[in-house]
Chemist: 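The structure is given below, and queries will be raised subsequently.
Computed from a predicted model, the values in this text were never measured in an experiment. In the text below, chain A, chain B and the rest are named by the order of the sequence lines, each starting its count at 1.
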Amino acid sequence: MPEKMPPAYDHEQVEDKWYDYWLKEDVPSAELDRDREPFCIVIPPPNVTGSLHMGHALDNTIQDLLTRWKRMQGYAALWLPGTDHAGIATQNVVEKMLEEEGKTRHDLGREKFLEKTWEVADEHHDVIIGQLQRLGCTPDWSRERFTLDEGLSDAVREAFVTLYEEGLIYRGARMINWCPRCSTGLSDLEVEHMDDAGHFWHMRYPSPDGGPGVMVATTRPETMLGDTAVAVHPDDERYADLIGETVILPLMDREIPVVADELVDPEFGTGAVKVTPAHDPTDLAIAQNHNLDRVVVIGEDGKMTDESGQFAGMDRFEARREIVSALEEQGLLEGIEEHHHKVGHCSRCDTIVEPLISEQWFVAMEKLAADGLRAVDDGLVRFVPERWTKVYREWLENIEDWCISRQLWWGHQIPAWWCTRCNQWIVSREDPTECLSCGVTGLVQSPDVLDTWFSSGLWPFSTLGWPEETEELDFWFPTSVLVTAYDIIFFWVARMIMDSMHFMGEQPFDNVFIHGLVRTEDGQKMSKSLGTGVDPLELIDEYGADALRFALMQMITHGQDLRYSEDRVVGARNFCNKLWNMTRFVTMNLEDAPDEKIDLSQSDLSLADRWILSRHHRMLETIDRELTRYNIAQATDALYEHIWSEFADWYVELAKGDLYDPETPDRKAITQEVLRTVLSGILRALHPIMPFITEELWHRLKEDAGSIALAEFPMADEEMF
RNA sequence: GGGCGGAUAGCUCAGUGGCAAGAGCACCUGCCUUACACGCAGGGGGUCGCAGGUUCAAGUCCUGCUCCGCCCACCA
C-alpha cells in the first residue's frame with residue numbers, strides 16, 4: 001500500500017528526490033545506438049557571467065521538453081550541455097569586481113587576472129548547472145563542454161588556421177569600432193546605436209586669403225584636429241568655386257583642400273563636410289578617393305594624441321568642450337543646434353565607441369555568407385517561424401568582414417606568432433618554437449584573443465568532437481533543432497550555419513526554433529541592473545519547477561516576446577495540485593480493483609468511457625502534431641484542457657456513480673480500468689513538461705496497481721492502453 | 001532611410017476563410033458536495049485599431065491609413 005497522499009501537493013517533498021533518481025538511473029545519458037533514430041539538441045551555452053534568468057528557464061525548458069518527448073518516443077535523444085566563456089562579458093564582470101577594490105586588470109597582470117577569471121567562471125558554472133538541475137533539465141551531463149576546454153580550443157585553432165590557409169582570415173589595418181574603456185576592438189554587432197541627444201556645431205574654415213572660406217557642421221568637433229580636407233558634392237553650385245581651392249583648419253593652422261565627392265549629401269547640414277579620415281568611416285572612404293592624409297588625433301585610450309596641438313593629452317570629451325570654446329573665441333563658431341543622432345556604444349560597458357583605424361584580424365565574409373545563404377535557399381536549415389529567414393538573409397546579404405581579434409585577456413589567444421626577423425606572422429596548429437622561414441627562435445604570440453563568438457560558431461560540431469572524426473558526429477550531426485531567442489540570430493545562429501557549411505559541408509541543425517524574450521508584466525526588458533529581473537530559482541522554491549515550466553510553456557508564442565506574470569505560475573501550481581488530487585482520488589478508488597488488467601477493447605464500455613477514451617486519444621494526437629510544429633503552447637493547452645475540463649470535471653465526476661454503486665461490480669471494474677488507463681496516459685503525456693510531479697504520481701499509481709503491470713515509465717513508445 | 005512584428009473581453013494572450021469569437025487571470029452569484037477552496041457549479045463582459053476591397057462567407061485574404069514595439073543602416 002502506498003503511503004497516504006496528503007491533500008495538497010508539496011513540490012519540496014518530490015523534486016530533489018526524483019532528480020537524484022534520474023541521475024542514478026542515467027536518464028539524461030544518451031546512448032549512441034544505431035538501432036534508434038538520432039535526435040540531438042546542443043544547448044545554447046549560457047555565459048559564465050552570472051546566474052540564469054527567466055529567458056534561460058524558458059529556453060532550457062523547451063529543450064528539456066523536446067528531448068524528453070523524443071526520448072519517450074524511443075529516439076536516441078542527446079541533449080548536449082555546456083557553457084560559454086563569454087570573452088568580453090566575463091572579463092567585464094571580473095573587471096567590475098576589481099574596480100570595487102580600486103584595481104584594474106593591469107594591477108594583477110595577465111596571468112593573475114586569468115586565474116581570478118577562472119575562479120569566477122567556475123563559480124558561475126556551478127551555479128548554472130545547479131539551476132538547470134533544479135529546473136528539472138536532463139541534458140547528458142557526461143558530455144558537458146566548455147568553450148575554453150581543451151577539445152574546443154583545438155577546434156578553434158583548427159578553424160582559425162584553416163581559414164587563414166584558405167585566405168579567409170587576414171590581418172589588416174581597417175576602420176573598426178574601438179571601446180576606449182575595454183581598450184579593445186569590437187565587431188559591428190557589439191556596438192549598440194543609441195539615439196543620443198547631441199549638438200550640431202557649425203564652424204567656419206576660412207580661406208587662406210582671409211575670405212569666408214566654408215562653413216562645415218559636425219557632431220564631433222574634437223575630430224576637426226585631424227581634418228585633412230573639406231568635401232562637397234560635385235554638383236553643389238554653392239561650392240563650385242571652392243573645389244580645388246584650400247581652406248585653413250582653425251586651431252591647427254593647417255591648409256587643407258576642398259574636394260568634390262559623391263558621398264557628400266548636399267541636403268544635409270551645410271553641404272560641406274569636414275573630412276577626418278582617421279576617425280570616420282565615410283571620411284576614410286572620401287580620403288581614399290582623393291589620396292588624403294590621415295591624421296590620428298584620438299588614441300586608443302580615448303585621449304587626444306600628440307597630433308592634437310594644444311589639446312594633446314585631453315580626454316576626447318574635454319577636448320570637445322575646449323575646442324568649441326576656442327572656436328567661439330575666434331569667432332569661428334557660427335551656430336549650435338540641438339541634434340538627436342545615433343551614437344555607437346559598447347554593448348558591454350556602454351562607453352561611446354570611437355571609430356579608429358586599427359590593425360586587427362578579420363574574417364572575409366563573402367564566401368562564408370554565400371554558404372550561409374545556400375543553407376536556407378536549399379532548405380537545409382528551416383527557421384521556425386519562417387519569417388526569421390528573411391532577417392537572416394538580409395544580414396548575410398549586406399555583411400562586412402568580421403573583426404575577430406580582441407585586445408582582451410579572457411579567451412582563445414590567437415594562434416599567430418610574430419617573427420621579428422622576417423617581419424611576418426606565423427599561423428600554426430602547433431605552437432611553433434622557431435620561425436618556419438628563417439629559423440629564428442623566441443617567437444612572440446599575438447597577445448590578442450578571439451571574439452567569443454568565434455568559438456560559439458563551431459559549437460554544434462566542436463562539442464561532438466570535431467575536428468576529430470568521431471562516432472558522435474557521424475551519428476548525431478547535423479543536429480535536429482536549435483532552440484534560441486531572436487536576439488542572437490546574427491551573433492550566433494548565422495555564424496554556426498556559415499561555419500558548419502564551410503567546415504562540415506552540411507547544416508549544423510535542420511530546424512531553428514526562434515522564441516521571444518521574457519519581459520516583465522508591463523513589457524519592460526528583464527534586467528538585473530534595472531532590478532526588473534525575476535529569479536527562476538525563487539519561483540521554483542515557492543511554486544515548484546513543474547509550475548514554472550508549465551507556465552512558461554503556456555506563454556510561448558512564435559518569436560513574439562512574452563510577458564511574464566506570476567499569476568501564470570500560480571495557475572500552473574494550482575494545476576499541479578489538481579493533478580495531485582485527481583491521482584489521489586483515483587488511487588483511493590483503485591484499492592479494490594481486480595488483480596487482472598481488463599482489456600478495454602473487449603469490454604462493454606459506457607458512453608462516458610468511450611467519450612473520455614476518444615478525447616484522450618485526440619489529445620495525444622494533438623500533442624504530437626503541435627509539438628512537431630513547435631506549437632508548444634497549443635500542446636500545453638491541449639493537455640490542460642483535457643486533464644481539467646474533460647477528465648477531472650466530467651469523467652471523474654461521472655465515474656463516481658459507478659464507483660459508489662455496490663450493485664454493479666462489473667461496471668465499477670471497467671471504470672477503474674478506464675481511470676487508471678487515462679490517468680497513466682495523462683501522466684506520460686505531461687511528463688516532458690512537468691517531469692517531477694508526473695514521475696511521483698506515476699510511481700504512486702504503479703504501486704497502487706499492485707500486480708497489474710503498467711507500461712514502463714517514462715517510456716511511452718509502448719502500448720498506451 | 002530600409003525591414004519586421006503587434007493592435008481580439010478589465011489584464012496577458014490563443015484563434016491554420018465557414019457552426020452563435022475562445023482560454024487563463026480578474027470580476028459577479030451560489031456552494032467547505034468525504035480528490036482538490038491551489039476547489040466546485042453558474043454568470044456578466046468583445047462594433048476582433050480605422051477605411052475600403054475580394055468572397056456565398058473575413059478576426060482570418062488584398063490595399064491604404066493610424067498608433068505601439070523591435071531590428072538593421074557610415075548621413076557628417
Side-chain angles (χ1 to χ4, degrees), chain A residues 5-10 175 177 188-189 191-193 198 200-202 216-221 223-224 227 230-231 263-276 279-286 339 341-342 344 355 385 387-388 390-391 393-395 397-400 486-487 489-490 516-517 519 521-523 525 543-544 547 551 554-589 625-626 629 631 633-634 636-638 640-641 644-645 648-649 652-653 655-656 659-660 675:
Chain A
M5 289 174 75
Y9 173 56
D10 179 3
M175 183 152 294
N177 305 291
D188 296 343
L189 285 178
V191 176
E192 276 179 43
H193 297 273
F200 210 24
W201 283 276
H202 292 249
V216 296
T218 183
T219 55
R220 295 193 295 153
T223 62
M224 68 159 293
D227 285 1
V230 169
L263 288 170
V264 178
D265 177 3
E267 305 293 318
F268 190 79
T270 65
V273 185
K274 55 184 279 310
V275 180
T276 323
H279 297 288
D280 184 276
T282 310
D283 293 8
L284 180 60
I286 294 173
H339 187 67
H341 61 143
K342 295 281 186 182
R387 65 189 162 84
W388 292 107
K390 194 177 171 189
V391 176
R393 284 198 61 102
E394 277 170 17
W395 187 67
E397 282 166 359
N398 300 296
I399 198 163
E400 300 279 335
Y486 61 75
D487 59 340
I489 291 177
F490 304 146
L517 308 176
R519 294 186 172 274
E521 204 154 2
D522 50 2
K525 209 171 172 176
Y543 302 106
Q554 271 185 309
M555 289 192 285
I556 294 187
T557 52
H558 271 190
Q560 206 68 30
D561 286 348
L562 47 103
R563 295 196 184 188
Y564 163 77
S565 153
E566 192 159 336
D567 284 349
R568 300 303 287 251
V569 187
V570 172
R573 188 272 320 263
N574 295 350
F575 179 58
C576 288
N577 198 243
K578 188 72 185 178
L579 199 65
W580 177 265
N581 276 291
M582 272 167 44
T583 308
R584 194 155 80 102
F585 173 83
V586 172
T587 53
M588 282 166 82
N589 287 286
R625 185 182 64 241
E626 299 301 339
R629 297 173 182 172
N631 287 333
Q634 279 84 332
T636 307
D637 282 342
Y640 186 89
E641 168 78 11
W644 202 315
S645 308
D649 288 351
V652 169
E653 291 305 319
K656 287 175 181 173
L659 293 171
Y660 300 155
L675 283 170

Chemist: With sugar-phosphate meaning primed atoms plus P, OP1 and OP2, does Y564(A) contact a base, only sugar-phosphate, or nothing at under 4.0 Å between heavy atoms?
Modeler: nothing
Chemist: With a 4.0 Å cut-off on heavy atoms, is D265(A) in touch with a base, just the backbone sugar-phosphate, or nothing at all?
Modeler: base
Chemist: With a 4.0 Å limit, can you tell me whether H341(A) has a side-chain N or O closer than that to the phosphate oxygens OP1/OP2 of rA76(B)?
Modeler: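 So the side chain of H341(A) is within the cut-off, an N or O lying under 4.0 Å from OP1 or OP2 of rA76(B).
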Chemist: Does E653(A) contact rA35(B) through a side-chain donor or acceptor facing the base, at a distance under 3.5 Å?
Modeler: yes
Chemist: Find the distance R220(A):CZ to rC75(B):P and express it as a whole number of Å.
Modeler: 12 Å
Chemist: Whole angstrom is fine here: how far is it from CG in D188(A) over to C1' in rA73(B)?
Modeler: 11 Å
Chemist: Send over the distance from R563(A) CZ to rA14(B) P, rounded to a whole Å.
Modeler: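 After rounding, the gap between these two atoms is 12 Å.
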Chemist: What's the closest nucleotide to the Q560(A) side chain, out of rA76(B), rC71(B), rG6(B)?
Modeler: rG6(B)
Chemist: Check every strand shown and say whether K342(A) touches a base, only sugar-phosphate, or nothing at a heavy-atom separation below 4.0 Å.
Modeler: base
Chemist: For D561(A) and Y486(A), which I'm curious about, is there any donor-acceptor pair between the side chains at under 3.5 Å?
Modeler: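 Indeed, the side chains of D561(A) and Y486(A) share at least one donor-acceptor pair under 3.5 Å.
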Chemist: Does the side chain of K390(A) get closer than 4.0 angstrom to OP1 or OP2 of rC4(B) through an N or O atom?
Modeler: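 K390(A) to rC4(B) OP1/OP2: side-chain N or O found under 4.0 Å.
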Chemist: Please evaluate the base of rC38(B) for a donor-acceptor partner in the side chain of R573(A) within a cut-off of under 3.5 Å?
Modeler: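 Side chain to base: pair found, below 3.5 Å.
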Chemist: If we call it a pair only when both distances are under 3.5 Å in a Watson-Crick or G-U wobble match, what pairs with rU16(B)?
Modeler: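 No nucleotide pairs with rU16(B).
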Chemist: Does V273(A) reach a base, just sugar-phosphate, or nothing at all? Heavy atoms under 4.0 Å.
Modeler: base
Chemist: Could you label the plane-to-plane angle of the F200(A) and H202(A) rings as parallel, tilted or perpendicular, counting under 30° as parallel and over 60° as perpendicular?
Modeler: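 Correct class here is perpendicular.
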Chemist: Once you round it to whole Å, what is the distance between P of rU12(B) and CG of L517(A)?
Modeler: 18 Å
Chemist: Rounded to the nearest Å, what distance is computed from the CG atom of residue N631(A) to the P atom of nucleotide rA23(B)?
Modeler: 20 Å
Chemist: When we call it a touch if two heavy atoms are under 4.0 Å apart, what does D649(A) touch: a base, just sugar-phosphate, or nothing?
Modeler: sugar-phosphate
Chemist: Nearest-Å distance, NE2 (H202(A)) to P (rA76(B))?
Modeler: 12 Å
Chemist: Does K274(A) pair with D283(A) as a salt bridge, N-O distance under 4.0 Å?
Modeler: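 Salt bridge absent between K274(A) and D283(A).
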Chemist: For V264(A), report the nucleic acid contact type (base, sugar-phosphate, nothing); a contact means any heavy atom under 4.0 Å.
Modeler: base
Chemist: Provide, to the nearest angstrom, the distance between the CG atom belonging to L263(A) and the P atom belonging to rA73(B).
Modeler: 18 Å
Chemist: Side-chain N or O of K525(A) versus OP1/OP2 of rC70(B): is the shortest distance under 4.0 Å?
Modeler: no
Chemist: Need one value for V570(A): base, sugar-phosphate or nothing, where a base atom within 4.0 Å counts as base even if backbone is also close, heavy atoms only.
Modeler: nothing
Chemist: Partner of rC74(B) by Watson-Crick or G-U wobble geometry, both contacts under 3.5 Å, or none?
Modeler: none
Chemist: By the 4.0 Å heavy-atom rule, please label F490(A) as base, sugar-phosphate, or nothing.
Modeler: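 Touches sugar-phosphate only.
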Chemist: Expressed as a whole number of angstroms, how long is the span from N574(A):CG to rA35(B):C1'?
Modeler: 15 Å
Chemist: Looking for any heavy atom pair under 4.0 Å, which part of the strands does A633(A) touch: base, sugar-phosphate only, or nothing?
Modeler: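 Contact class for A633(A): none.
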Chemist: Centre-to-centre under 6.0 Å for Y543(A) and Y9(A), is that the case here?
Modeler: no
Chemist: Return no unless some side-chain N or O of W644(A) is found under 4.0 Å from OP1 or OP2 of rC40(B).
Modeler: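 True: W644(A) side-chain N/O within range (under 4.0 Å) of rC40(B) OP1/OP2.
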Chemist: What's R629(A) touching, base or sugar-phosphate or nothing? Going by heavy atoms closer than 4.0 Å.
Modeler: base
